Amino acid sequence: MAHRSTHATLCRRGFLKASAGLSFVVGAGGLLSVDAQAAGSEMLKVNPWMTIRADGKISIIFPSTEMGQSSYSTLPQILAEELDADWGDVVIEQLNEDDRTFGNPAFGGVLYTAGSTGVEGYFDPMRKAGAQARDVLLQIAAREIGVDKKTLMTAPSAVVTQDGTRISYGDLAAAGAEGIQIPGADDVPLKPVDAFRIIGHDIPRRDVPAKSTGKAVYAIDVTLPDMAYACIQRAPVEGERPVAVQDDEARAMPGVLDIVALPDAVAVVAETYWSALLARGTLDITWSETSPFRAHGSEATMALYAAEAESPSETPAVWAKKGDASAAISGADTRLTQTYLSDYAYHAQIEPMAAVAHVDADGKGAEVWAGTQTQSWTTNTVMDVLETTRDRVRLNMMTMGGGFGRRTAFVQDYVRDALLCSKSVGRPVKVIWTREDDVKNGVFRPLAVQRMSGGVSTDGMLQGFHHRVATPTVIGFFNPGRWNAVKPNDVISMRGAESKFYSIPDFLADHVITERQARLSPYRGIGAAYTGFAAEAFMDELAEAAGRDPLDFRLDLVEDNLRGRHLLGKVAEMSDWRNRGDRAMGLAFAGYHSSMAAGVVEIALDRNSGEISLKHIWVAADAGLIVSPDNAHNQIEGAAVFGISCALTERIDIEAGEVVQNNYWDYEITRAHQVPPIDVYMAQVNAHPTGVGELGLPFVPPAIANAFHALTGKRLRHMPFTPDRVLEVLNS
Amino acid sequence: MTKFTLNGQPVEVDNPPEELLLLVIRDGVGLKGTKYGCGAAMCGACTVHVNGEASFACQLTVGDVEGATVTTIEGLSSDGTHPLQKAWIDEQVPQCGYCQSGQIMRAAALLSEISNPSRAEIVDYMSANLCRCGTYNRIFKAVERAAREV
């Protein structure tokens with residue numbers, strides 16, 4: 001049989017028209033319906049999560065938001081794989097509304113980009129949706145050609161007949177879905193892993209060219225006709241409000257449009273940001289002085305939490321429990337208890353808070369441009385501030401200049417500020433927080449005191465492990481409604497304390513929920529950023545008490561975790577751990593949620609200044625099946641770099657309720673010269689993907705502390721390990 | 001009126017001469033590739049070239065560049081194909097991307113000073129710019145790749 005021209009085949013039926021196509025309505029449970037577009041008509045807009053147009057373009061909705069983690073590219077790749085699309089045909093469309101049809105399964109359907117859950121949560125539904133759509137295209141082809149669907153195959157963006165004829169997805173879309181049965185989500189076969197040609201392959205990120213040429217548009221870059229700028233003077237202490245404002249001078253300055261009283265701040269709205277900044281400097285604001293937060297300072301907070309860790313005033317909430325840790329430790333031959341401290345930490349994302357709002361003339365609706373980690377809570381913020389309904393909210397979710405948890409709150413005050421300013425002046429307004437505003441009004445990783453107890457037997461085995469964390473609930477502050485649902489289990493405060501990668505028969509992790517004395521937020525790694533430090537630094541102390549090599553001591557605990565055991569062996573091999581001699585090396589085995597990382601660091605120490613530097617990092621990681629390997633490496637490297645400054649410098653202090661630090665000169669984050677070579681190994685496993693965004697962070701601080709001990713025989717138990725603390729420990 | 005050359009074109013702006021160059025470039029001229037990060041010469045997101053030297057646009061007033069030649073990321077190449085930009089894409093450097101205009105502009109100044117820098121020279125030079133996503137090792141590789149190509 002001669003090869004027929006597909007194009008001719010379908011043109012004969014007269015279906016090829018430019019705007020015709022298929023609109024697939026895909027929900028978290030899979031494909032819900034498919035709408036054929038009448039030739040020449042507009043696309044039906046009934047939650048069109050995926051469309052295939054007659055010209056072959058395949059639009060896939062991106063349901064999360066992008067802050068550097070690359071799910072903008074990675075999530076659509078999952079669907080494209082099972083659809084058997086040519087990736088070059090795929091157009092990615094940002095989801096700009098709080099449409100829970102495609103909510104994050106990991107957050108109960110809320111549109112929420114956090115916790116390394118994007119790929120983990122959307123992997124199954126997006127695969128199934130792609131496979132269902134592929135089945136529909138096969139059915140259309142079978143109908144058009146008049147053959148049994150079973151005789152047809154797909155190649156990138158085309159159905160292929162047994163005689164080799166290719167019919168493009170675009171042509172099939174144009175042919176319409178009349179008479180097609182949508183298969184159930186669980187009834188379509190998925191590709192075997194070895195058939196993947198997108199998942200697991202190094203496909204360049206879609207956003208990289210724009211980010212390499214200055215063309216990527218962030219919220220801070222949005223410009224609208226007639227837009228004004230606002231600069232906000234916020235209350236110096238949480239809970240205070242402006243009681244009197246002397247603004248005569250500011251109002252008289254050129255370009256100043258209005259001075260707007262906000263609940264906890266005063267905004268200057270002007271024709272330019274420069275005018276707004278200058279005018280802000282002339283404001284004389286009298287603030288209320290009644291806030292209980294004025295009584296709080298981080299030193300006293302640390303002392304309070306330490307006392308609570310030692311003897312809790314209320315029964316701690318059990319976070320993870322197996323056997324009887326207390327009895328096992330009491331019965332152990334050697335018992336050890338140590339306290340680990342960690343300060344508040346700030347996100348330090350390079351794009352400070354910024355948002356543009358254009359409130360409608362009636363004050364009951366708005367268009368908003370913002371970079372946030374959640375369409376849902378940004379929508380809620382607009383609804384709350386304008387006391388309006390969902391249908392009046394028009395969002396533009398902008399790519400973010402870093403997130404790290406900073407943009408997750410239930411109520412987003414920078415969005416609120418832009419809305420209130422726009423409403424007041426009747427023009428679109430862009431709010432930009434200065435870096436100092438962002439630091440002084442930051443929301444922080446909580447200060448924590450961790451009391452660690454454990455025992456070892458005379459034959460060098462771990463015998464009982466108790467990890468007590470005294471820190472406030474983070475969820476209770478940044479999302480109180482959620483806290484009511486999950487209380488007393490706070491995953492943000494406690495993650496990592498469960499030490500789930502080890503088999504410890506007698507284990508307890510509990511949470512002493514202390515009084516909140518600062519604004520709090522999720523931060524990269526959430527609880528694991530500090531619980532991983534305490535757990536794995538203390539594990540080294542127990543290994544020492546047992547007279548064992550830190551690697552051997554841990555290997556005993558992963559006999560039931562073969563994948564974890566593989567990582568420990570691998571990182572030992574990569575770093576030549578067994579032959580480390582007198583090199584200052586430290587090992588840690590931590591991770592994030594279900595993703596594991598075994599890491600080794602080698603450090604150097606300047607004993608005069610107390611400065612620690614990193615010479616090398618080796619990390620062996622397992623996050624299940626990896627969708628984008630090159631990006632996974634980049635994420636793990638990046639998180640390890642984040643972990644370096646988390647361990648060495650990042651510290652927020654609070655005095656009389658005010659944040660002491662100001663800017664990057666007194667809140668230092670890792671610079672280029674502080675970054676060592678980082679060797680990353682990713683385990684190749686065929687298991688459900690579990691996320692890579694935070695995985696590279698938690699092992700770094702304990703590995704550094706353990707390397708410091710290898711070098712000096714002393715323990716670092718207060719993070720960050722600033723030079724003054726290092727010198728104090730060296731001289732102790 | 002302040003006159004200067006921006007990305008090869010003469011420009012005249014009527015902003016107050018004491019207004020920050022960064023704000024004039026971004027909001028006056030409308031070139032958004034140069035970013036605000038700290039306003040304090042600490043992060044380098046605002047790095048531009050003034051008479052060929054890497055400079056913090058947040059530390060200069062527009063009056064400071066009267067008569068000078070200023071280049072931003074938009075002027076580095078007409079079509080985004082400067083060897084550093086190609087290398088940034090080849091090495092898949094950016095994550096959030098916010099700092100990368102500044103990183104590329106600093107790297108371009110380095111390569112015009114030292115055409116074949118050592119790793120130590122790259123690390124030292126690039127330490128003026130922060131990347132919170134931690135892409136530094138890829139930045140080093142991309143600078144080395146671009147240096148091989150120029």
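For clarity, every value in this text was computed on a predicted model and none was experimentally measured. Just so it is clear: chains get the letters A, B, ... in the order the sequence lines come, proteins before strands, and each one is counted from 1.
Side-chain contact check for Gln95(B) and Asn634(A): at least one donor-acceptor pair (N or O, by modelled atom type) lies under 3.5 Å. For the residue pair Lys211(A)/Ser101(B), the side-chain donor-acceptor check at 3.5 Å is not satisfied.
Contact tally against chain A (heavy-atom pairs below 4.5 Å) for Gly28(B), Gly33(B), Cys38(B): the top residue is Cys38(B). For the set Thr670(A), Asn631(A), Asp438(A), the entry with the most heavy-atom pairs within less than 4.5 Å of chain B is Thr670(A). Between chain A and the options Met126(B), Lys35(B), Gln100(B), the largest number of non-hydrogen pairs under 4.5 Å is found for Lys35(B). Contacts with chain B were tallied for Ile432(A), Thr434(A), Thr223(A); Thr434(A) has the most, counting heavy-atom pairs under 4.5 Å. Between chain A and the residues Pro16(B), Gly39(B), Ser127(B), the largest count of heavy-atom pairs under 4.5 Å involves Ser127(B).
There is no contact between Ala41(B) and chain A, counting heavy-atom distances below 4.5 Å. Ile678(A) touches chain B through backbone and side chain together, each having a heavy atom under 4.5 Å away. At a 4.5 Å heavy-atom cutoff, the contact between Ile89(B) and chain A is made by backbone and side-chain atoms alike. For a residue to count as touching a neighbouring chain, one of its non-hydrogen atoms must lie under 4.5 Å from one of that chain's; by this rule Asp207(A) touches chain B with the side chain only. With a threshold of 4.5 angstrom between heavy atoms, Ser645(A) approaches chain B through side-chain atoms but not through N, CA, C or O. Using a 4.5 Å cut-off between heavy atoms, Ser70(A) does not touch chain B at all. With a 4.5 Å cut-off on non-hydrogen atoms, Ala348(A) touches chain B through its backbone and its side chain both. In this structure, no portion of Glu668(A) lies under 4.5 Å from any heavy atom of chain B. At a 4.5 Å heavy-atom cutoff, Pro254(A) makes no contact with chain B through either its backbone or its side chain. When heavy atoms are compared at a cutoff of 4.5 Å, Gln103(B) does not approach chain A at all.
Considering all non-hydrogen atoms of both residues, Trp665(A) and Ala40(B) come closest at CZ3-CB, 3.6 Å. Across all their heavy atoms, Ile350(A) and Cys43(B) have their closest contact at CG2-SG, 4.2 Å.
Taking OG of Ser212(A) as the start and NZ of Lys86(B) as the end, the distance is 13.0 Å to the nearest 0.5 Å. The distance from the OH atom of Tyr229(A) to the CG atom of Asp27(B) is 3.5 Å, given to the nearest 0.5 Å. Between atom CG of residue Leu130(B) and atom CZ of residue Arg671(A) there is a gap of 4.0 Å, rounded to the nearest 0.5 Å. Atom CE in Met42(B) sits 8.5 Å away from atom CG in Asp666(A) (nearest 0.5 Å). For the atom pair CG (Leu23(B)) and OH (Tyr273(A)), the distance works out to 8.0 Å, reported to the nearest 0.5 Å. A distance of 6.0 Å separates SG of Cys96(B) from CZ of Phe404(A), quoted to the nearest 0.5 Å.
Side-chain atoms of Arg132(B) and Ile669(A), non-hydrogen and from C-beta on, do get closer than 4.5 Å to each other. Using a 4.5 Å heavy-atom threshold, the side chains of Tyr98(B) and Gln349(A) count as separate. Arg26(B) has its side chain within reach of Asp221(A): a pair of non-hydrogen atoms, C-beta onward, lies under 4.5 Å apart. The side-chain heavy atoms of Asn137(B) and Glu637(A), taken from C-beta on, include a pair separated by under 4.5 Å. Side chains of Val93(B) and Val208(A) form no contact here, defined as non-hydrogen atoms less than 4.5 Å apart. Between Lys32(B) and Ile220(A), the closest side-chain pair of non-hydrogen atoms is not below 4.5 Å.
Heavy-atom neighbours of chain A within the stretch residues 49-81 of chain B, taken at a separation under 4.5 angstrom, comprise Ile73(B), Glu74(B), Gly80(B).
A distance-only check finds no donor-acceptor pair linking the side chain of Tyr36(B) to the backbone of Glu351(A) [under 3.5 Å]. Between the Gln92(B) side chain and the Arg205(A) main chain, a donor and an acceptor come within less than 3.5 Å of each other.
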With side-chain contact (heavy atoms from CB on, under 4.5 Å) as the criterion, how do Gln674(A) and Tyr136(B) come out once you've worked through the C-alpha distance, each side chain's angles and the decisive distance to 0.1 Å?
CA-CA 10 Å; Gln674(A) 295 161 316; Tyr136(B) 297 113; over 6 Å; no
Salt bridge (Lys or Arg N to Asp or Glu O under 4.0 Å) between Asp630(A) and Arg138(B), worked out:
CA-CA 11 Å; Asp630(A) 183 64; Arg138(B) 289 189 180 217; 3.0 Å; yes
